[in-house]
Amino acid sequence: MTATESITTGRTKLRTGVSSAAPTSAAKIGVSGRGFTIASAIVLTVFAIIWLIPSLFALKTSLSDNGVAALGAKSILSNWNPTLHSYASLFQSGDIWNWYLASGITSVVTAVLTVIFASMAAFALSRLVFRGRNIAFLLIILGIMIPTQVLIIPIFQELNAVNLLNTYWSVIFPQVPAVIAVFIFKQFFDGIPKELEEAARIDGAGIWKIYWSVILPLSRPVIAAVTILTFVGVWNNLLLPLFVLSNPDLMTIPVGLATVQGSFGQRYADIQAGAILAALPLIILYLIFQRQIVEGVTGSGLKG
């Protein structure tokens, strides 16, 4: 065999070996990928069932009679005579509409003010250069470590000093300074190219113009996420409204449910019906804006 034939044979074997090995590797990767997909689907299904079981039990309790609900889980599950009496009772004799109105006003106004002030603070920390900027950001982040419960008494005393107790503002103002919202906005603003800001400065734009016309239009995903998360947090907040509100006409849904539980005693079906009515707007809100929540928080708002 000549040298030329040996080289040709070697090249043929090399190409044959590579081409024959590639499909095997691809097949292994494909099998591994399918196995991971199946395992992920099983895990997600299990967690979905675990989450749905108490939710379905809560719905079943709300559709039961108060006498049946008081007997316990076995009676609730064995009874198949659903009734809407608890829902009708809440709508007729309760203040559910006032609770919805109070929760809606406080949640919407707080979400809007939080987005405005948190984005302004984040813009200053991200784009402006001033002495003590890093220290200011550090102090703001340290606010996450302070439990809300610790601040209830000082907040109550401050609101009492300015005569804001038993008003919507007593629920709104303490929740506007949201540290996590400032952090999310700053992380997002840090990822916006500074060339856009420099181009706006060349065109004669000032700081407010850059903030309003350049930064905010690019921040729609994170604005949507912060707005929705703030709305949900304020809607579900029980501790602050419980301390600062005593007027039944101004009570939010969590406080209203606490009064229902206290006045109705063992009427578990009525209590559970009220809890479902309280959660229903949030479920609808999430179903409508779930894409914005995921994109704003995991896709852009918290990226490094």
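Heavy atoms only: backbone and side chains are in, while hydrogens, waters and symmetry mates are out.
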Legend entry - Qualifying salt bridge (Lys or Arg N to Asp or Glu O under 4.0 Å) pairs with a residue from residues 169-189, counting only residues at least two apart or across chains: Lys186-Asp190
Legend entry - NZ/NE/NH1/NH2 to OD/OE distance under 4.0 Å, Lys194 and Glu198: no
Determine whether [X] and [Y] make a side-chain contact, defined as any pair of heavy atoms from C-beta on separated by less than 4.5 Å.
| X | Y | value |
| --- | --- | --- |
| Arg201 | Ile210 | yes |
| Met145 | Leu142 | yes |
| Ile96 | Trp99 | yes |
| Tyr268 | Ser64 | no |
| Phe188 | Ile184 | no |

Run the side-chain donor-acceptor check on residues 155-165: report pairs under 3.5 Å with partners two or more places apart or on a different chain.
none

With the 4.5 Å side-chain cut-off for hydrophobic clustering, are [X] and [Y] part of the same group?
| X | Y | result |
| --- | --- | --- |
| Trp208 | Val115 | yes |
| Val171 | Val108 | no |
| Ile146 | Phe243 | yes |
| Val112 | Trp169 | no |
| Ile283 | Tyr100 | no |

Non-hydrogen atoms of [X] and [Y] that approach each other most closely:
| X | Y | value |
| --- | --- | --- |
| Ser170 | Leu245 | OG-CD2, 3.9 Å |
| Ser86 | Asp270 | OG-OD1, 2.8 Å |
| Ser213 | Pro217 | O-CG, 3.3 Å |
| Leu84 | Leu63 | CD2-CD2, 3.6 Å |

[atom1]-[atom2] distance between [X] and [Y], expressed to the nearest 0.5 angstrom:
| X | Y | atom1 | atom2 | value |
| --- | --- | --- | --- | --- |
| Leu216 | Met120 | CG | CE | 10.0 Å |
| Thr252 | Leu101 | OG1 | CG | 11.5 Å |
| Leu257 | Gln272 | CG | CD | 10.0 Å |
| Arg34 | Thr37 | CZ | OG1 | 9.0 Å |
| Ile135 | Ile140 | CD1 | CD1 | 12.5 Å |

Inset, instruction - Begin from the C-alpha positions of Thr167 and Val244 and carry the test side-chain contact (heavy atoms from CB on, under 4.5 Å) through to its verdict. - result: CA-CA 8 Å; Thr167 64; Val244 301; over 6 Å; no
Sequence-distant partners of [X], ring pair (Phe, Tyr, Trp, His ring centres under 6.0 Å), two or more places apart:
| X | value |
| --- | --- |
| Phe189 | Phe185 |
| Trp212 | none |
| Tyr87 | none |

Inset, instruction - Name all residues meeting the side chain to side chain donor-acceptor pair (under 3.5 Å) criterion together with Asp249; count only those two or more places apart in sequence or in a different chain, and write none if there are none. - result: none
Quick one: side chains of residues 38-58, donor-acceptor pairs under 3.5 Å with protein atoms, not counting sequence neighbours, listed by atom name and distance.
{"from": "Ser40", "atom 1": "OG", "to": "Phe36", "atom 2": "O", "distance (Å)": "2.8"}
{"from": "Thr45", "atom 1": "OG1", "to": "Ala41", "atom 2": "O", "distance (Å)": "2.7"}
{"from": "Ser55", "atom 1": "OG", "to": "Trp51", "atom 2": "O", "distance (Å)": "3.2"}

Legend entry - Listed once per pair and sorted, the side-chain hydrogen bond (donor to acceptor under 3.5 Å, both in side chains) pairs that draw on residues 238-248, sequence neighbours left out: Asn166-Ser246
Check: [Y] main-chain N/O paired with [X] side-chain donor or acceptor under 3.5 Å:
| X | Y | answer |
| --- | --- | --- |
| Ser62 | Leu59 | yes |
| Ser119 | Ile116 | yes |
| Ser103 | Ile253 | yes |
| Ser219 | Ile215 | yes |

Inset, instruction - Please report the C-alpha distance between Leu242 and Met251 in whole Å, then the side-chain angles of each, then the deciding distance to 0.1 Å, and finally whether the side-chain contact (heavy atoms from CB on, under 4.5 Å) criterion is met. - result: CA-CA 8 Å; Leu242 187 63; Met251 287 183 178; over 6 Å; no
Legend entry - Where at least one partner belongs to residues 118-144, residue pairs that pass ring-ring contact (aromatic ring centres under 6.0 Å, His included), sequence neighbours excluded: Phe123-Tyr211
Inset, instruction - Would you please name every residue forming a side-chain contact (heavy atoms from CB on, under 4.5 Å) with Val176, sequence neighbours left out? - result: Thr110, Leu113, Thr114, Phe117, Ile172
Inset, instruction - Just jot down the salt bridge (Lys or Arg N to Asp or Glu O under 4.0 Å) partners of Arg133, sequence neighbours excluded, or say none. - result: none
Quiz: residues 228-241 side-chain donor-acceptor pairs under 3.5 angstrom, not counting sequence neighbours:
{"from": "Thr230", "atom 1": "OG1", "to": "Val226", "atom 2": "O", "distance (Å)": "2.7"}
{"from": "Trp235", "atom 1": "NE1", "to": "Ala278", "atom 2": "O", "distance (Å)": "3.0"}
{"from": "Asn236", "atom 1": "ND2", "to": "Val232", "atom 2": "O", "distance (Å)": "3.3"}
{"from": "Asn237", "atom 1": "OD1", "to": "Leu239", "atom 2": "N", "distance (Å)": "3.3"}
{"from": "Asn237", "atom 1": "ND2", "to": "Gln175", "atom 2": "OE1", "distance (Å)": "2.9"}

Inset, instruction - Let me see the working for Val109 and Tyr168 under side-chain contact (heavy atoms from CB on, under 4.5 Å), right down to the final yes or no. - result: CA-CA 10 Å; Val109 175; Tyr168 288 141; over 6 Å; no
